[in-house]
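Structure first, then comments.
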Amino acid sequence: MKQFVFSLNLTTQEYLQYYRGSVDKVVAQCVDGRTVQFPAGLLAPHVTSWGVRGEFVLTCDEDRKGAQLMRRQSHAMAAAL
């Protein structure tokens, strides 16, 4: 499995472009310098009233199929639990 770690900081207005279908792919810069592109629909479960913010991990198979997007738990948040 391939993993890509990156941060997103999209306002609700920016996310609306994806929601409305004006933009169907998200392009993000990974923490290791790689660039990753994935379907905008993967953002839907991560939208809050502030938009889409946080650190994420995109996982897919070697053929870059079966993509899953998970919010990465921060160290500070993990320590609080």
Side-chain angles (χ1 to χ4, degrees):
M1 298 293 271
K2 293 189 176 278
Q3 287 193 333
F4 304 90
V5 179
F6 53 90
S7 294
L8 289 177
N9 187 12
L10 300 173
T11 66
T12 52
Q13 291 300 315
E14 291 169 324
Y15 176 73
L16 280 176
Q17 294 177 14
Y18 298 105
Y19 179 77
R20 292 179 178 147
S22 303
V23 181
D24 63 346
K25 301 282 185 202
V26 178
V27 178
Q29 180 82 32
C30 298
V31 296
D32 64 6
R34 295 180 292 175
T35 300
V36 66
Q37 179 177 307
F38 60 92
L42 294 177
L43 293 177
H46 304 287
V47 179
T48 68
S49 58
W50 297 291
V52 181
R53 295 183 181 168
E55 197 166 272
F56 295 88
V57 178
L58 177 70
T59 306
C60 59
D61 66 19
E62 295 300 319
D63 295 326
R64 301 184 189 223
K65 303 287 183 201
Q68 295 181 343
L69 185 65
M70 302 293 292
R71 185 180 302 274
R72 188 170 182 195
Q73 190 172 11
S74 72
H75 296 294
M77 185 182 287
L81 296 177

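All residue numbers in this chain count up from 1 along the given sequence.
V36 places a side-chain heavy atom less than 4.5 Å from the side chain of F6.
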For residues 12-30, tabulate all N or O donor-acceptor pairs below 3.5 Å that involve a side-chain atom, not counting sequence neighbours.
residue, atom, partner, partner atom, Å
E14, OE1, T11, N, 2.7
E14, OE1, T11, OG1, 3.4
Q29, NE2, G33, O, 2.6

List the atom pairs, with distances to 0.1 Å, where a side-chain N or O of residues 50-59 and a protein N or O form a donor-acceptor pair under 3.5 Å, not counting sequence neighbours.
residue, atom, partner, partner atom, Å
R53, NE, N9, OD1, 2.8
E55, OE2, R72, NH1, 2.9

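Here the closest non-hydrogen pair linking C60 and A67 is CB-CA, 4.1 Å. Between Q3 and R34, the shortest heavy-atom distance links the atoms O-NH2, 3.1 Å. Across all their heavy atoms, G41 and P45 have their closest contact at O-CD, 4.2 Å.
Summarising the geometry, atom CE belonging to M70 is positioned 11.5 Å from atom CG belonging to L42; distances are rounded to the nearest 0.5 Å.
With hydrophobic clusters built from ILVMFWY side chains whose heavy atoms lie under 4.5 angstrom apart, L10 shares a cluster with F38.
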Could you walk me through whether D32 and V5 pass the side-chain contact (heavy atoms from CB on, under 4.5 Å) check?
-> CA-CA 8 Å; D32 64 6; V5 179; over 6 Å; no
